[in-house]
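In this chain, numbering begins with 1 at the start of the sequence shown.
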Amino acid sequence: MGKTAKIITIVLGVIMIILSVLLLYINTVVTGPLAEGFITPIIALEFLNNTSDLSNFFDIITVDSLKSSLYLGNRIDFAYMFSYGIFALMCGRLMYIETKVKALWLSFPLVALIITADAFENLNIAELLAMNEYQNAGLILDQLQLFTWLKWGSLSALMLLYSVYFLQGNWWKILIGIVLSSPFILYGVAFYFRGLYCEIFSLTIMLSFLGLLTFSFFWKPIIR
């Protein structure tokens, strides 16, 4: 059972990485001026909270090409959210096989919340991409903010949950545990200061997933 779970987890992790690279390529686009402190277009788009920054984002001659790329990335992201969500659940499964700690079952409602919030985030981004005038986009931006912060907050809570397992392990697990616990702290900082702090916060989530992928490769099934 443990070997099968490990193989499934690694396969899902590889799929997640492939989709991540694909989305990175597609979403690396030329935009108008980003909101202050942001350097990554897709992160800046997710955290947009006013119509002025929204108008600036699309203030570019090649706006049709920009929107076409973001549309494609938005559609692929629906597959991506399930790949990283199920991968995260399988990592929790590996931890549970080893420890039998029932608190790990909390990963199920958290992942369900993450995927749901990510889906609604994508739907709101799709609505923004369909607009030509942005003055009346306030309600959509409010909804986008709700689901964006809900997604990232739930991700940070999931990583914090998993960090407890790693912080009780050997030195390399402790290193992963430190990485996994950092987003929960940075979430509050990013919420209040935005900009570059959102970029740093999202980066720690990505590093956390890489830590989980490393764990899945080195995890050894318990032979009973």
Side-chain angles (χ1 to χ4, degrees), residues 19-78 80-81 84 113-159 179 182-210:
L19 289 175
S20 296
V21 173
L22 180 60
L23 284 171
L24 180 63
Y25 173 76
I26 292 172
N27 289 328
T28 302
V29 289
V30 178
T31 73
L34 300 180
E36 184 179 358
F38 287 96
I39 56 178
T40 309
I42 189 59
I43 298 298
L45 180 59
E46 289 186 13
F47 287 99
L48 279 173
N49 63 355
N50 63 75
T51 55
S52 177
D53 287 338
L54 177 63
S55 297
N56 290 335
F57 185 91
F58 292 113
D59 186 16
I60 186 172
I61 296 175
T62 56
V63 65
D64 291 337
S65 176
L66 166 62
K67 288 187 175 183
S68 178
S69 294
L70 292 175
Y71 265 126
L72 177 59
N74 197 36
R75 289 195 291 270
I76 294 174
D77 194 55
F78 280 99
Y80 179 58
M81 68 178 70
Y84 75 70
L113 187 58
I114 290 164
I115 292 176
T116 301
D118 203 348
F120 278 100
E121 177 191 70
N122 283 353
L123 291 174
N124 280 282
I125 288 176
E127 286 192 55
L128 293 177
L129 294 175
M131 300 180 72
N132 293 316
E133 300 293 335
Y134 308 108
Q135 293 86 351
N136 297 321
L139 179 59
I140 299 175
L141 287 176
D142 288 343
Q143 293 175 169
L144 176 61
Q145 285 292 289
L146 170 64
F147 293 115
T148 293
W149 286 104
L150 182 60
K151 178 192 78 172
W152 289 105
S154 300
L155 278 167
S156 66
L158 178 67
M159 296 307 171
V179 173
S182 60
F184 192 79
I185 299 171
L186 288 172
Y187 178 81
V189 177
F191 185 83
Y192 283 104
F193 294 102
R194 309 294 176 104
L196 183 61
Y197 295 97
C198 292
E199 296 272 0
I200 296 171
F201 166 68
S202 62
L203 179 61
T204 61
I205 293 289
M206 296 174 194
L207 291 175
S208 296
F209 273 106
L210 288 177

Apply the test side chain to side chain contact (heavy atoms under 4.5 Å, CB included) to residues I140 and M131: give CA-CA distance (whole Å), side-chain angles for both, the deciding distance (0.1 Å), then the verdict.
CA-CA 11 Å; I140 299 175; M131 300 180 72; 3.9 Å; yes

Test F201 against V189 for side chain to side chain contact (heavy atoms under 4.5 Å, CB included), laying out the working first.
CA-CA 9 Å; F201 166 68; V189 177; over 6 Å; no

Decide side chain to side chain contact (heavy atoms under 4.5 Å, CB included) for L19 and I76; before the verdict, give the C-alpha distance in whole Å, the side-chain angles of both, and the deciding distance to 0.1 Å.
CA-CA 8 Å; L19 289 175; I76 294 174; 4.1 Å; yes

For E46 and L144, run side chain to side chain contact (heavy atoms under 4.5 Å, CB included): C-alpha distance rounded to whole Å, both residues' side-chain angles, the deciding distance at 0.1 Å, then the answer.
CA-CA 7 Å; E46 289 186 13; L144 176 61; 5.5 Å; no

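In this structure a side-chain-to-backbone donor-acceptor pair under 3.5 Å is present from S156 to G153. Of the possible donor and acceptor atoms, none in the side chain of S154 sits under 3.5 Å from a partner among the backbone N and O of I114. Listed for the S68 side chain is no donor-acceptor partner under 3.5 Å among the backbone atoms of D64. Although no hydrogens or angles enter the test, the distance criterion places no donor-acceptor pair under 3.5 Å between the side chain of K67 and the main chain of F58. Remark: side-chain polar atoms of E199 are paired, donor with acceptor, to backbone N or O of T40 under 3.5 angstrom.
Note that the OG1 atom of T31 and the CG atom of L45 stand 9.5 Å from one another [nearest 0.5 Å]. Taken to the nearest 0.5 Å, the CG atom of N132 stands 6.0 Å off from the OH atom of Y134. Note that the CZ atom of F78 and the CG atom of N122 stand 4.5 Å from one another [nearest 0.5 Å]. Note that CG of L207 is 11.5 Å distant from CD1 of I200, once rounded to the nearest 0.5 Å. Atom CG of L23 sits about 8.5 Å away from atom CD1 of I42, to the nearest 0.5 Å. Between atom CE of residue M81 and atom NZ of residue K151 there is a gap of 8.0 Å, rounded to the nearest 0.5 Å.
A salt bridge is defined here as a Lys NZ or Arg NE, NH1 or NH2 lying under 4.0 Å from an Asp or Glu carboxylate O, and R194 with E36 fails to meet this definition.
A donor atom on one side chain and an acceptor atom on the other are not found under 3.5 Å apart for Q145 and N49. Side-chain atoms of T51 and Q135 form no donor-acceptor pair, as typed in the model, at a separation below 3.5 Å. Residues D59 and N56 have side chains that never bring a donor and an acceptor to within less than 3.5 angstrom of each other.
Proximity of the aromatic rings of Y84 and Y80 is defined here by a centroid distance below 6.0 angstrom, and this criterion is met. For Y187 and W152, the ring centers are positioned 6.0 Å apart or more.
Atom OH of Y71 sits in a crowded spot, with more than 12 heavy atoms from other residues, nucleotides or ligands closer than 6.0 Å.
Classification of the F47-W149 ring pair by plane angle, with boundaries at 30° and 60°, yields perpendicular.
Using a 4.5 Å heavy-atom threshold, the side chains of Y197 and L186 count as separate.
Taking the ring-ring contact (aromatic ring centres under 6.0 Å, His included) definition, one finds that F184 meets it with nothing, sequence neighbours left out.
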